[in-house]
Protein chains: 2
Amino acid sequence: MADSDESSARVTVRTITDLARLAGVSPGTVSRALAGKSLVNTRTREKIEALAREHGFRPNQMASGLRRQKTGVIGVVIPLGHDIRQQISDSFFMTLLGHLADELTTHGYDLMLRRVVPESDPDWLDRFIGSGMIDGVIVIGQSDQFERIEDVADGYRSMVVWGNHTEGQRHCVVGTDNRLGGRMAAERLIAAGARRLAFLGDTGPMEFAARFAGAQDVAARMGLPAILPLSTHLSPDRASAEIAQHLAEHGRNIDGIFAATDTLAALCLTELRAQGLAVPDDVKLAGFDDLPIARQTVPPLTTVRQDIAAGARGLVDLLLRRLAGEATESFVLPPELVVRETA
Amino acid sequence: MADSDESSARVTVRTITDLARLAGVSPGTVSRALAGKSLVNTRTREKIEALAREHGFRPNQMASGLRRQKTGVIGVVIPLGHDIRQQISDSFFMTLLGHLADELTTHGYDLMLRRVVPESDPDWLDRFIGSGMIDGVIVIGQSDQFERIEDVADGYRSMVVWGNHTEGQRHCVVGTDNRLGGRMAAERLIAAGARRLAFLGDTGPMEFAARFAGAQDVAARMGLPAILPLSTHLSPDRASAEIAQHLAEHGRNIDGIFAATDTLAALCLTELRAQGLAVPDDVKLAGFDDLPIARQTVPPLTTVRQDIAAGARGLVDLLLRRLAGEATESFVLPPELVVRETA
DNA sequence: GATTCTTTTGCAAACGATTGCAAGATTCCT
DNA sequence: AGGAATCTTGCAATCGTTTGCAAAAGAATC
């Protein structure tokens with residue numbers, strides 16, 4: 001009696017059973033009270049809640065997850081393709097991740113982050129899904145794993161992917177219309193006076209391939225020569241040298257560059273300057289993403305904007321609807337041309 | 001007999017018990033086999049492993065976690081102080097996060113990410129720790145939550161913090177010697193000819209306060225006037241206007257600016273140019289972090305480098321040692337001055 | 001071949017929360 | 001007051017793995 005009051009402060013209450021003992025009820029009742037179910041008497045509930053607060057008690061999520069067969073955790077996985085370090089400093093992915101974290105939190109989910117190297121771990125996606133730790137998964141970027149994702153999608157519904165949409169694909173994807181974005185960039189370069197275009201970046205990843213294809217569409221339609229692909233790694237240290245090399249070789253033969261990302265465009269700008277090529281007078285330049293850096297280059301970058309926040313909202317929204325059993329279509333975001341001073 | 005072979009392909013094996021039935025052994029044995037324990041006969045183990053592989057079976061981590069009282073997950077939490085959106089695009093934090101993900105993965109841990117707003121959720125840290133979902137926690141940035149972190153540290157050992165080290169503090173921290181870094185920056189500005197210095201950034205967060213204090217040390221020692229603090233938000237949209245305002249007001253009275261981060265320095269560079277102030281001729285400028293952007297500004301930024309990768313390694317290393325029961329000291333990284341062209 | 005040691009296995013009790021079912025306590029009607 | 005209807009509560013099984021203990025099987029010893 002008085003005993004329970006006196007000792008209550010120093011007893012550690014770790015489990016729902018401890019709390020039940022303290023409150024003089026059964027564990028089941030405590031569980032129901034804390035879950036806010038209507039089946040428990042208001043007075044009892046308040047008493048239990050007060051005790052829980054007093055002792056800083058929180059139900060163990062592992063146990064709860066096990067019993068309810070859901071964890072309240074969404075997995076976010078970034079497959080690192082060819083270029084292992086590619087995304088580490090890629091602010092596009094990181095920004096998307098930040099928005100995802102916010103969006104998931106808002107909906108009461110936690111976020112479990114995993115970066116994987118598919119090449120050395122072919123089983124990456126099944127492993128994550130099969131771990132029993134996550135209710136669903138968001139894949140950030142298809143990298144070169146399109147087929148594997150397709151395979152998984154057939155048997156697992158709780159997945160959405162950031163990336164490129166291809167006609168007839170079976171996994172649910174959210175992403176910008178890269179091909180259209182590519183067209184916009186090329187059209188702008190041409191409108192600014194460029195005729196001999198180059199594409200800077202790796203055309204392996206689907207998103208980039210689509211951007212390149214879009215630009216090609218325009219060049220072909222306008223009767224211009226085919227666009228010259230200048231392949232580059234994404235990590236800044238390797239990219240700079242490669243870009244310098246490309247420019248030394250082709251710089252005088254081209255007058256318009258469409259860079260696969262703003263990050264590459266910014267590096268390219270530096271190299272152009274180093275080689276004495278004026279932007280936009282000698283060479284027009286367009287990027288992709290509209291990252292913060294695009295405003296800060298000199299001159300500021302003309303680029304194609306992706307609405308990252310909207311993308312994150314779309315991903316989470318679609319995933320939650322799939323968790324609820326709904327069938328969902330892919331969601332393609334419109335790109336937007338942002339004209340600044342490089343083209 | 002033949003039955004088990006024929007049906008084995010189409011039976012779904014979700015639990016260790018399913019697999020045990022298939023292998024004709026008890027669940028306990030399967031568990032031991034999969035855990036690679038020496039107590040199980042090599043032949044049985046191989047048979048079980050083969051079956052597991054064939055059916056793509058993975059033990060449920062929730063159940064395992066519950067039973068073993070450890071989850072294999074490390075929580076990473078980013079407290080968002082005054083300025084809610086401050087870190088969203090702050091590539092410093094994001095880069096650190098990337099390295100942490102790599103480092104934790106290497107050691108077999110998963111990463112659970114949480115961004116919290118302490119102001120609206122005073123209980124953020126206990127909630128995370130008490131959730132039972134994580135074996136330990138890494139706090140990225142002390143923000144304005146120093147005291148709360150100290151409180152928690154008294155009762156919870158499995159925590160390390162990225163941030164500033166203060167004499168006599170009780171939580172284990174990894175971070176750059178910000179004060180020393182601040183001294184380096186100020187010394188460089190002065191060596192480059194600056195005499196009337198300003199500090200650009202919010203001096204609220206401890207790290208920034210220490211950088212400011214370091215710069216003050218030098219100014220005082222050299223008999224220069226006190227450094228003018230120019231308070232700024234970190235989010236790029238608000239920061240630009242604020243910087244412009246500061247420069248309009250004080251731009252002609254100062255000849256050296258120490259920016260709290262490279263991001264701010266880059267924005268500042270843009271505004272300086274807009275207001276017709278030449279760098280480094282009229283005004284010297286130094287940043288902090290040595291983010292990729294520091295190389296790409298025009299002119300490239302003189303800055304103080306933090307070794308982010310080493311920081312991530314240190315955080316994980318210390319945390320793992322604490323999980324193992326070791327007592328650990330805080331770990332202070334040396335900053336490094338990188339002289340480029342702005343000072 | 002009997003006895004003692006090792007290996008290898010199975011049994012069953014945890015881990016901590018949730019929930020269907022049924023019993024006990026209240027309330028409401030007539 | 002008696003009985004039906006409604007609220008609250010407790011009981012006990014369950015989620016899927018792990019692990020101490022003891023039994024069974026095999027190997028080694030005399």
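Chain letters run A, B, ... following the sequence lines, proteins first and then strands; every chain starts at 1.
- Residues B/Thr42 and B/Arg67 each lie close to DNA chain C; by heavy-atom proximity, the contact nearer the 5' end of the strand is made by B/Thr42.
- Residue A/Arg32 places a side-chain atom within donor-acceptor reach of the base of D/dG10, judged by atom type and a 3.5 Å distance cut-off alone.
- Taking only side-chain atoms of B/Arg68, from C-beta outward, the nucleotide of C/dT18, D/dT19, D/dT17 with the closest atom is D/dT19.
- Residue contacts for B/Val30: at a heavy-atom cut-off of 4.0 Å it reaches no nucleic acid atom on any strand shown.
- The nucleotide whose nearest atom lies closest to any side-chain atom of B/Ser26 is, among C/dG10, D/dT18, D/dA13, C/dG10.
- No N or O donor and acceptor, one from the side chain of B/Arg58 and one from the base of D/dG16, sit under 3.5 Å apart.
- Comparing atom distances between the B/Val40 side chain and each of D/dT9, C/dG16, C/dT9 picks out C/dT9 as nearest.
- Contact annotation: B/Thr29 does not reach the phosphate of C/dT9 (side-chain N/O to OP1 or OP2, under 4.0 Å).
- Across all strands, B/Arg14 comes closer than 4.0 Å only to sugar-phosphate atoms, never to a base (heavy-atom distances).
- As judged by a 4.0 angstrom heavy-atom cut-off over every strand, B/Ser31 is placed among the base-contacting residues.
- At D/dG16, one or more side-chain N or O atoms of A/Gln69 fall inside 4.0 Å of OP1 or OP2 (strictly under the cut-off).
- Residue whose closest nucleotide on DNA chain C sits further toward the 5' end, between B/Asn41 and A/Asn60: B/Asn41.
- Comparing B/Gly28 and B/Met62 by the nucleotide of DNA chain D that holds the closest heavy atom to each, the one mapping nearer the 5' end is B/Met62.
- A distance of 11.5 Å separates CG of A/Leu323 from NE2 of A/His107, quoted to the nearest 0.5 Å.
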